[in-house]
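See below for the structure under consideration.
The model shown is predicted, which means the values in this text are computed figures rather than measured ones.
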Amino acid sequence: MSLKGKFFAFLPNPNTSSNKFFKSILEKKGATIVSSIQNCLQSSRKEVVILIEDSFVDSDMHLTQKDIFQREAGLNDVDEFLGKIEQSGIQCAKTSCITKWVQNDKFAFQKDDLIKFQPSIIVISDNADDGQSSTDKESEISTDVESERNDDSNNKDMIQASKPLKRLLQGDKGRASLVTDKTKYKNNELIIGALKRLTKKYEIEGEKFRARSYRLAKQSMENCDFNVRSGEEAHTKLRNIGPSIAKKIQVILDTGVLPGLNDSVGLEDKLKYFKNCYGIGSEIAKRWNLLNFESFCVAAKKDPEEFVSDWTILFGWSYYDDWLCKMSRNECFTHLKKVQKALRGIDPECQVELQGSYNRGYSKCGDIDLLFFKPFCNDTTELAKIMETLCIKLYKDGYIHCFLQLTPNLEKLFLKRIVERFRTAKIVGYGERKRWYSSEIIKKFFMGVKLSPRELEELKEMKNDEGTLLIEEEEEEETKLKPIDQYMSLNAKDGNYCRRLDFFCCKWDELGAGRIHYTGSKEYNRWIRILAAQKGFKLTQHGLFRNNILLESFNERRIFELLNLKYAEPEHRNIEWEKKTA
DNA sequence: AGGCCAATACTG
DNA sequence: CAGTAT
DNA sequence: GCCT
């Protein structure tokens, strides 16, 4: 297929990342991209095709969400503009037509590809129910978005929930007051600190809702603009502070220490020791603690079944210290390059991107999150196979040191290592287990990897990336594997740490939603999804929905727009950090 | 007394 | 389903 | 653990 002599223009915004990508596709085929839409109108060349982003075209091939379209395209009057296009006879199609052309290797319009400009009142006569309901839905959406916007500007729903978080996105005014409020009241600072620790404590113990209550109480304290003098005062004047927390506040004010917490610090640490191991969550940690285990070796002896049913715990134990240790951005990037290079030899069209804390600009990353996708490919099974092939290659190259999930193919390679770990742990019951793979095809790969000594040397010689804006995180004192458990350790003694590497894949059509999901942070995902739910949407890694109807999944910015949010760069999706730098 | 809850994928 | 993970 |  050659597109020589053909002209294309993208609307409403030619500079989105997806459109940039589409441009390069068309240019490769010989097409010319018209940057200014005014130009193509003036010259009134009929060979121009205008490509309009799918999300602005409804099922009847009419333009919807005109207000947003107008703003994004930088137009003064959409209707006037559309009139001109119609007059000149320029063809308009959905951007996704490119996908069709590429797949069929043919540039041609089919019957319903072209966007219609005549308002079709006729639709109703055909099938009253269908036509009616679908147009109803569209108008419902746009009016709702509209009314949300009005609400926001009146600051109505801002006061209700997650006030500090909303303020974060509101610019500098809110931030400044947040800071001055905070530092003025000494009592409150003390109480907030205590509530924060209690929240963390209950999170470790897996007490989801109790933790939530403390979190909400903490937020109330943070938004409180007077000095709290008694527990009773806090209870009556603030939301989310009930009798129990009020009582604790009173004790803090009286004695300066928080009740119950100092006593249970021991418990907290014991649970943490187990929970820090990959594969151990709050439930197993609690159980082992109740059984008075204080080390993995005791657990291995007295509760070997747990290790046989979830063998990944063995590797969590083996790499305990390494996996708690964070790496530099440079190292993260080196891992990406390594994977990318291997991927080119397997499927050059497949692409891979860093997500997670790296993407959010952290100077230290706990793991490497890689997202795989392939232009126009919506077949995750195909992606899964590519990833599996890649894993096999990287394992044979000595880069991958362990898998935390297996397919039959990977099991063949890796079984020896699992057996070796069981022997070292002196656990015998593993022989009864017949298979160690979970399913034929897996779509997420979790593993442990190490750079080669040579790559590590190169890394050391690299310049620091201090020049860029980096986000530092306060260091937490790390728990170390106890000496008694060291016999299983495969932790680095030479500075070459084992790193956690995750492969995810994503359908091409869901790239935007997938990026939001895997970029995180966890807290940000929670926050934005609650917000979405409050506005009647549902946000997942597969897209933004309303009444289970997909509204958008490809275009990241548009998801923000539909939620009436300003686009947040990944660096601004870090809740704790945003608060601190406010 | 019962709801609150991010939403989802994978394993046994 | 519970548990752990992202 | 707080809210309804």
Side-chain angles (χ1 to χ4, degrees), chain A residues 160-162 165 195 198-199 201-203 205-220 234-235 238-249 260 274-288 305-313 315-316 323 355-357 366-371 380 384 403-407 432-447 500-506 510 513-514 516-534 537-545 548 575:
Chain A
Q160 287 188 342
S162 46
L165 302 181
L195 293 175
L198 284 162
T199 308
K201 179 192 155 187
Y202 286 117
E203 266 168 4
E205 291 175 15
E207 295 241 27
K208 225 175 158 184
F209 296 118
R210 193 160 285 145
R212 173 178 177 267
S213 287
Y214 280 103
R215 194 168 49 244
L216 292 175
K218 191 197 81 181
Q219 278 168 16
S220 293
H235 175 54
L238 298 173
R239 279 170 56 93
N240 298 315
I241 294 181
S244 172
I245 292 181
K247 213 168 150 190
K248 285 182 178 144
I249 289 177
F274 291 131
K275 258 203 79 173
N276 275 336
C277 172
Y278 181 96
I280 307 276
S282 347
E283 296 309 308
I284 297 176
K286 265 191 280 188
R287 208 177 64 229
W288 284 358
E305 295 90 352
E306 200 66 65
F307 292 81
V308 179
S309 75
D310 187 359
W311 53 271
T312 63
I313 297 172
F315 290 91
W323 286 352
Q355 306 286 314
S357 50
D367 66 353
I368 308 140
D369 299 311
L370 295 181
L371 185 62
T380 50
F403 295 105
L404 295 167
Q405 199 181 10
L406 297 171
T407 62
E432 285 156 42
R433 207 173 142 156
K434 286 197 243 45
R435 68 177 172 89
W436 301 88
Y437 67 86
S438 50
S439 55
E440 303 287 324
I441 293 170
I442 60 182
K443 294 174 182 182
K444 292 177 172 175
F445 292 76
F446 308 140
M447 56 227 127
R500 281 278 289 102
L501 175 64
D502 296 336
F503 286 179
F504 311 108
C505 68
C506 172
E510 295 177 356
I516 294 178
H517 176 82
Y518 287 114
T519 293
S521 67
K522 189 178 71 186
E523 286 74 20
Y524 186 81
N525 279 344
R526 247 196 239 178
W527 173 78
I528 193 170
R529 286 167 188 212
I530 290 172
L531 189 96
Q534 283 169 351
F537 299 93
K538 184 175 75 169
L539 180 63
T540 78
Q541 60 263 56
H542 302 300
L544 181 68
F545 301 82
N548 281 326
I575 305 269

Indicate whether OP1 or OP2 belonging to [N] is found under 4.0 Å from a side-chain N or O atom of [X].
| X | N | answer |
| --- | --- | --- |
| A/K538 | B/dT8 | yes |
| A/S244 | D/dG1 | yes |
| A/R529 | B/dA6 | no |
| A/H542 | B/dA9 | yes |
| A/K522 | C/dA5 | no |

A/I530 side chain, from C-beta outward: closest of B/dA6, B/dA9, B/dC4: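 The closest nucleotide is B/dA6.
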
Which nucleotide in D/dC3, B/dA6, B/dC5 has an atom nearest any side-chain atom of A/N240: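 Within the option list, the nearest is D/dC3.
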
Could you tell me how far apart [X] ([atom1]) and [N] ([atom2]) are, to the nearest whole angstrom?
| X | N | atom1 | atom2 | result |
| --- | --- | --- | --- | --- |
| A/I284 | B/dG12 | CD1 | C1' | 12 Å |
| A/K201 | D/dG1 | NZ | C1' | 13 Å |
| A/Y518 | B/dT8 | OH | P | 12 Å |
| A/E283 | B/dG12 | CD | C1' | 16 Å |
| A/Y278 | C/dA5 | OH | P | 6 Å |
| A/K286 | C/dA2 | NZ | P | 13 Å |
| A/E207 | B/dC4 | CD | P | 18 Å |
| A/F446 | C/dA5 | CZ | P | 10 Å |

Ring geometry between A/Y524 and A/W527 (parallel below 30°, tilted from 30 to 60°, perpendicular above 60°): tilted

Side-chain touch A/L404/A/R500, heavy atoms, less than 4.5 angstrom: yes

Validation row: A/L406, A/I442 side chains within 4.5 angstrom (heavy atoms): no

With sugar-phosphate meaning primed atoms plus P, OP1 and OP2, does [X] contact a base, only sugar-phosphate, or nothing at under 4.0 Å between heavy atoms?
| X | result |
| --- | --- |
| A/T312 | nothing |
| A/R215 | nothing |
| A/R500 | sugar-phosphate |
| A/K208 | base |
| A/D502 | sugar-phosphate |
| A/L404 | nothing |
| A/L216 | nothing |
| A/I528 | nothing |

For the [atom1] atoms, the ones on [N] and on [M], what distance do you get once it is rounded to whole angstrom?
| N | M | atom1 | value |
| --- | --- | --- | --- |
| B/dA6 | C/dT4 | C1' | 16 Å |
| B/dA7 | D/dG1 | P | 25 Å |
| B/dT8 | B/dC4 | P | 16 Å |
| C/dC1 | B/dG3 | P | 15 Å |

Residue closer to the 5' end of DNA chain B, A/S439 versus A/H517 (nearest nucleotide): A/H517

5′-ward residue of the pair A/R212/A/T540 relative to DNA chain B: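 In this pair, the answer is A/R212.
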
Those residues that, when tested against A/F403, pass ring pair (Phe, Tyr, Trp, His ring centres under 6.0 Å) (two or more places apart): A/Y395, A/F414

Lys/Arg-Asp/Glu bridge criterion (N-O < 4.0 Å) met for A/K286, A/E283: yes

Between A/E205 and A/S282: side-chain donor-acceptor atoms closer than 3.5 Å: no

Set of salt bridge (charged side-chain N to carboxylate O under 4.0 Å, His left out) partners for A/E306, sequence neighbours left out: A/R287

